[in-house]
Amino acid sequence: MNLGGERAGDARDAATEVFVDHRNLLFTVAYEMLGSAADAEDVLQETWLRWVGIDHAAVGEQRAYLVRIATRLALDRLRQLSRRRETYIGPWLPEPLLTAPDVAEDVELAESVSMAMLLVLETLGPIERAVFVLREVFGLGYGEIAEAVDKTPAAVRQIAHRARAHVADRRPRGTASPADTRIALQAFQRAVETGELQQLLDILAPDVVALSDGGGLRHALPHPVVGADEVAGLLAVGWWRRDAERTVEQVQVNGAPGLLVRIDGKIDGVVAVRIEHGLVTGAYHVRNPEKLSRMESETDVRRSTGSRARR
């Protein structure tokens with residue numbers, strides 16, 4: 001009887017159970033740091049490999065340990081992505097996720113994974129982004145975060161203060177409820193589909209910004225378009241039109257109502273909007289086919305331990 005082999009197998013099974021229980025939490029941490037589900041999955045794979053290779057008896061707090069591993073790996077990946085995005089063709093947008101309706105019930109989580117907030121987080125440095133996400137979204141203590149980012153608790157406290165102020169200056173003002181966002185999005189969709197210029201001007205904020213991400217693989221706007229007149233003119237000539245081959249449906253995109261565009265039944269793009277005081281201040285159109293796989297089925301994002309295993 002190979003008792004040593006059995007004990008090793010039992011230990012691995014126990015480690016697997018712990019990892020699975022924390023998996024969606026770890027994915028959410030990595031996704032909010034990276035803005036890319038594909039890269040977040042790579043971080044999870046590396047986290048798993050490191051997790052099963054340690055002495056678990058020496059681990060005091062499993063959740064904290066796993067978050068520390070995932071954070072360090074995400075920081076390494078974030079630095080690599082920063083260099084890669086310098087050569088990205090056209091505007092870069094986060095990879096959209098099809099999320100469950102109940103994500104919107106956690107207001108802080110829904111805001112943190114929104115396309116608008118992920119774009120704000122892109123303006124932070126890697127360490128600032130990690131500290132902000134771990135502190136403001138997941139509520140980790142300064143000591144816990146310090147271990148994850150290899151800083152002192154005092155340094156983390158200062159970084160958190162700077163990051164919080166930076167985000168506060170750029171985050172959406174007067175954010176809308178899911179119901180109000182849905183109403184504004186429906187008005188936006190009707191205006192775009194009809195091409196009525198005045199309807200578009202009525203729903204667009206004066207300083208609205210439109211971004212389109214094709215990644216060099218699909219036709220998209222080469223640069224951001226700013227201002228209601230400019231964006232309305234663009235949309236009026238056909239960002240999309242309803243026809244026999246094209247359908248548009250409202251779905252949950254990153255915790256908020258968004259639009260899923262299909263051509264001949266295949267996903268062609270995703271539109272997310274930033275709504276402030278009932279007006280569209282940001283319109284984000286993702287067409288890069290490499291970023292659309294997560295719109296086929298719901299992705300479970302969460303701030304707590306546990307799994308609904310939607311994928």
Side-chain angles (χ1 to χ4, degrees), residues 24-36 39-40 43 61 63-64 66-79 81-82 85 92-95 97 99 103-178 181 205 207 209 211 254-256 272-277 281-282 284 301-305:
N24 292 329
L25 165 68
L26 298 173
F27 173 85
T28 308
V29 170
Y31 176 72
E32 292 202 21
M33 286 182 60
L34 300 170
S36 164
D39 287 293
V43 165
E61 219 289 305
R63 176 180 181 270
L66 282 165
V67 168
R68 183 161 70 246
I69 296 174
T71 299
R72 289 177 176 175
L73 291 170
L75 277 171
D76 291 341
R77 182 61 61 98
L78 186 57
R79 295 182 181 106
L81 291 178
S82 297
R85 287 172 190 168
W92 180 92
L93 288 172
E95 183 177 353
L97 306 177
T99 52
V103 172
E105 297 171 7
D106 185 338
V107 177
E108 290 183 356
L109 175 62
E111 183 190 16
S112 71
V113 298
S114 70
M115 297 288 277
M117 179 56 76
L118 290 174
L119 285 172
V120 171
L121 294 181
E122 282 292 311
T123 64
L124 292 170
I127 293 292
E128 287 181 318
R129 185 167 182 169
V131 169
F132 180 87
V133 167
L134 295 178
R135 179 64 182 173
E136 299 301 316
V137 181
F138 295 95
L140 270 63
Y142 292 115
E144 226 176 330
I145 299 172
E147 291 186 3
V149 300
D150 291 325
K151 300 286 184 181
T152 66
V156 166
R157 193 179 292 269
Q158 291 180 339
I159 293 169
H161 177 75
R162 289 198 306 270
R164 193 181 304 118
H166 179 94
V167 171
D169 288 340
R170 293 163 177 80
R171 76 194 316 159
R173 307 287 182 181
T175 50
S177 68
T181 299
D207 57 350
V209 178
L211 296 171
N254 288 59
V273 292
R274 170 171 165 164
I275 305 293
E276 300 179 63
H277 305 294
T281 59
Y284 315 116
V301 294
R302 56 173 53 222
R303 294 193 293 171
S304 59
T305 297

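Just the heavy atoms: all of them, side chains too, but no hydrogens, waters or symmetry mates, feed the values below.
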(request) Using atom types as modelled and distance alone, determine if a side-chain donor or acceptor of Arg72 lies under 3.5 Å from a backbone N or O of Glu147. (result) yes
(request) State the OG1-CD1 distance between Thr152 and Ile159, to the nearest 0.5 angstrom. (result) 8.0 Å
(message) Show the nearest heavy-atom pair for residues Ala104 and Ala110, with the distance to one decimal.
(response) CA-CB, 4.0 Å
(message) Restricting to non-hydrogen atoms, name the atom on Leu134 and the atom on Ala148 that form the minimum distance, rounded to 0.1 Å.
(response) CD1-CB, 4.2 Å
(request) Answer whether the closest heavy-atom distance between the side chains of Leu25 and Leu66 falls below 4.5 Å. (result) no
(request) Using a 4.5 Å cut-off on heavy atoms from C-beta on, say whether the side chain of Tyr31 contacts that of Asn254. (result) yes
(request) State the OG1-CG distance between Thr99 and Leu109, to the nearest 0.5 angstrom. (result) 9.0 Å
(request) Give a yes or no answer on whether the side chain of Thr28 reaches the backbone of Val301 with a donor-acceptor pair at less than 3.5 Å. (result) no
(request) Any chance you could measure Leu97, atom CG, to Ser114, atom OG, to the nearest 0.5 Å? (result) 11.5 Å
(request) Can you see which heavy atom on Phe27 is nearest to which on Ala40, and at what distance? (result) CE1-CB, 3.8 Å
(message) Nearest 0.5 angstrom please: Arg162 CZ to Gln158 CD, how far?
(response) 6.5 Å
(request) For residues Val103 and Gly255, report the shortest heavy-atom separation together with the two atoms involved. (result) CG1-CA, 3.9 Å
(request) Quickly, which of Glu136, Glu111, Glu105, Glu108 forms a salt bridge (Lys or Arg N to Asp or Glu O under 4.0 Å) with Arg303? Name it, please. (result) Glu108
Identify every side-chain donor-acceptor pair in residues 121-130 under 3.5 Å, counting partners at least two apart or on other chains, and give the distances.
residue: Glu122; atom: OE1; partner: Arg85; partner atom: NH1; Å: 3.0
residue: Glu122; atom: OE2; partner: Arg85; partner atom: NH1; Å: 2.9
residue: Glu122; atom: OE2; partner: Arg129; partner atom: NH1; Å: 2.7
residue: Thr123; atom: OG1; partner: Val120; partner atom: O; Å: 2.5
residue: Thr123; atom: OG1; partner: His166; partner atom: NE2; Å: 2.7
residue: Glu128; atom: OE1; partner: Gly125; partner atom: N; Å: 3.3
residue: Arg129; atom: NE; partner: Glu32; partner atom: O; Å: 3.0
residue: Arg129; atom: NE; partner: Met33; partner atom: O; Å: 2.9
residue: Arg129; atom: NH1; partner: Met33; partner atom: O; Å: 3.4
residue: Arg129; atom: NH2; partner: Glu32; partner atom: O; Å: 2.9

(message) How close do Ala146 and Val156 get, counting heavy atoms only, and between which atoms?
(response) CA-CG2, 3.6 Å
(message) For a 4.5 angstrom cut-off between non-hydrogen side-chain atoms, does Val67 reach Glu61?
(response) no
(message) How long is the straight-line distance from CE of Met117 back to OG of Ser112, given to the nearest 0.5 Å?
(response) 7.5 Å
(request) Assess Arg274 against Tyr284: is NZ or CZ under 6.0 Å from the centre of the six-membered ring, and within 45 degrees of the ring's axis? (result) no
(message) Quick check: closest heavy atoms across Leu119 and Pro94, and the distance to 0.1 Å?
(response) CD2-CD, 3.8 Å
(request) Output the distance between atom CG (Leu73) and atom CG (Leu78), rounded to the nearest 0.5 Å. (result) 12.5 Å
